[in-house]
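Every chain is numbered from 1 and lettered A, B, ... according to where its sequence line falls, protein lines coming before strand lines. This one's a predicted model, so the numbers in the text were calculated from it and none came from an experiment. Below, each value reflects all heavy atoms present in this structure, side chains not excepted, and no hydrogens, waters or symmetry copies.
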Number of protein chains: 2
Amino acid sequence: MDRNTEENLKNDLENTKAQMRKGILEFCILLVISKGKTYAPDILKQLEIADLIVVEGTLYPLLSRLKNSGLVEYTWTESKSGPPRKYYTLTTKGKEAIKRLTLTWNKFNKSINSLITKTEKI
Amino acid sequence: MDRNTEENLKNDLENTKAQMRKGILEFCILLVISKGKTYAPDILKQLEIADLIVVEGTLYPLLSRLKNSGLVEYTWTESKSGPPRKYYTLTTKGKEAIKRLTLTWNKFNKSINSLITKTEKI
DNA sequence: ACTAATTACCTTGTAATGCAAGGTACCTGG
DNA sequence: CCAGGTACCTTGCATTACAAGGTAATTAGT
């Protein structure tokens, strides 16, 4: 594979990988919050540790959506080193959502694995 | 959980699940094609068997994208029961793409599992 | 020979949403 | 009092899945 093809392939795949990441974003954010009270910049750090790059402009609107859906709630809390923070926690509904999304995730996993194993002749 | 909350939760989750499905769509279509020559309606059937509902209006543009990216190619083939079909196969680049996407998929899986296991205190 | 049904391909318009970039506001330290 | 750090949020753009509708080839029924 020459250098150009390699370059193109990388670009195409970046796109597809981004799509994959998007798909699991909401689920992952709920998972992070389920670990206990957190606020936006901390969520970003934890996602980065889990190897999922997300940026502010994505996270804030998403947190608002989760709030409006009643899956999370927040309380303002003073900080010792800056402006007050919104600490998010899961609601009962949010916990239920995580359970179901975990099942969904496992289901997709199964679908893909069934497709992968059928293709080992590549 | 009352009936309204249950209804709302279902709707919210449908949305999120749809997002997840979108993310893996391109990958899954490549996997199906890697099993051997196929054409659009057959791809739809195989995805349905793997529990991934996709519709025509989604598939055709996506196949065009994959074609333009050089991951798949097609040949027109006569049919015994209707108009001619476009039979798709993977290119070398497409096979390479599948390998990398499989790695990506495994990586995301690991990320999520690390988030899930950290949260068993729910 | 005509018509209806089937099969297959594709396009248009809409809505959702991730991201880059930019903006506001609070607090602390020099 | 102002510069830097921290935290919140919004706007505009591009991508893209889907619903709905359209074109065309072949076959079956009458």
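Looking only at distances, a side-chain donor or acceptor of A:Thr91 sits under 3.5 Å from a matching main-chain atom of A:Gly70.
Heavy-atom minimum distance, A:Lys86 versus A:Tyr39: O-CB, 3.2 Å. Closest approach of B:Glu56 and B:Pro61 over heavy atoms only: O-CD, 4.2 Å.
DNA chain C is contacted by B:Asn15, B:Gln19 of residues 13-21 of chain B, taking any non-hydrogen atom closer than 4.0 Å. For residues 56-69 of chain B, proximity to DNA chain D is found at B:Gly57, B:Thr58, B:Leu62, B:Arg65, defined as any non-hydrogen atom under 4.0 angstrom from a strand atom.
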Does the pair B:Tyr88 and B:Glu73 meet the rule for a side chain to side chain contact (heavy atoms under 4.5 Å, CB included), with working shown?
-> CA-CA 6 Å; B:Tyr88 286 87; B:Glu73 56 194 359; over 6 Å; no

Dump the intermediate steps for side chain to side chain contact (heavy atoms under 4.5 Å, CB included) on A:Arg85 and A:Asp42, then the final yes or no.
-> CA-CA 11 Å; A:Arg85 302 168 177 172; A:Asp42 189 45; over 6 Å; no

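Extent of DNA chain D lying under 4.0 Å from chain B heavy atoms, first and last nucleotide in 5' to 3' order, is D:dT16 to D:dT27.
Rounded to an integer number of Å, the gap from A:Leu25 CG to C:dA16 P is 18 Å. Distance A:Phe27 CZ to C:dT17 P: 17 Å, rounded to the nearest Å.
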Donor-acceptor contacts under 3.5 Å from residues 62-69 of chain B side chains, at least two apart:
residue: B:Ser64; atom: OG; partner: B:Tyr60; partner atom: O; Å: 3.3
residue: B:Asn68; atom: ND2; partner: B:Ser64; partner atom: O; Å: 3.3
residue: B:Ser69; atom: OG; partner: B:Arg65; partner atom: O; Å: 2.9

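Within the nucleic acid shown, B:Ser81 comes within 4.0 Å of sugar-phosphate atoms alone, with no base atom in reach, counting heavy atoms only.
With sequence neighbours left out, the ring-ring contact (aromatic ring centres under 6.0 Å, His included) criterion links B:Phe108 to no other residue.
Mapped onto DNA chain D by nearest heavy atom, B:Pro84 and A:Tyr74 fall at different nucleotides, with A:Tyr74 at the one closer to the 5' end.
Here B:Ile53 is tied to no hydrophobic group at all, with no ILVMFWY side chain closer than 4.5 Å.
For the residue pair B:Gln19/B:Asn15, the side-chain donor-acceptor check at 3.5 Å is not satisfied.
Contact check on A:Glu14 versus A:Lys10 returns no salt bridge, with no Lys/Arg side-chain nitrogen under 4.0 Å from an Asp/Glu carboxylate oxygen.
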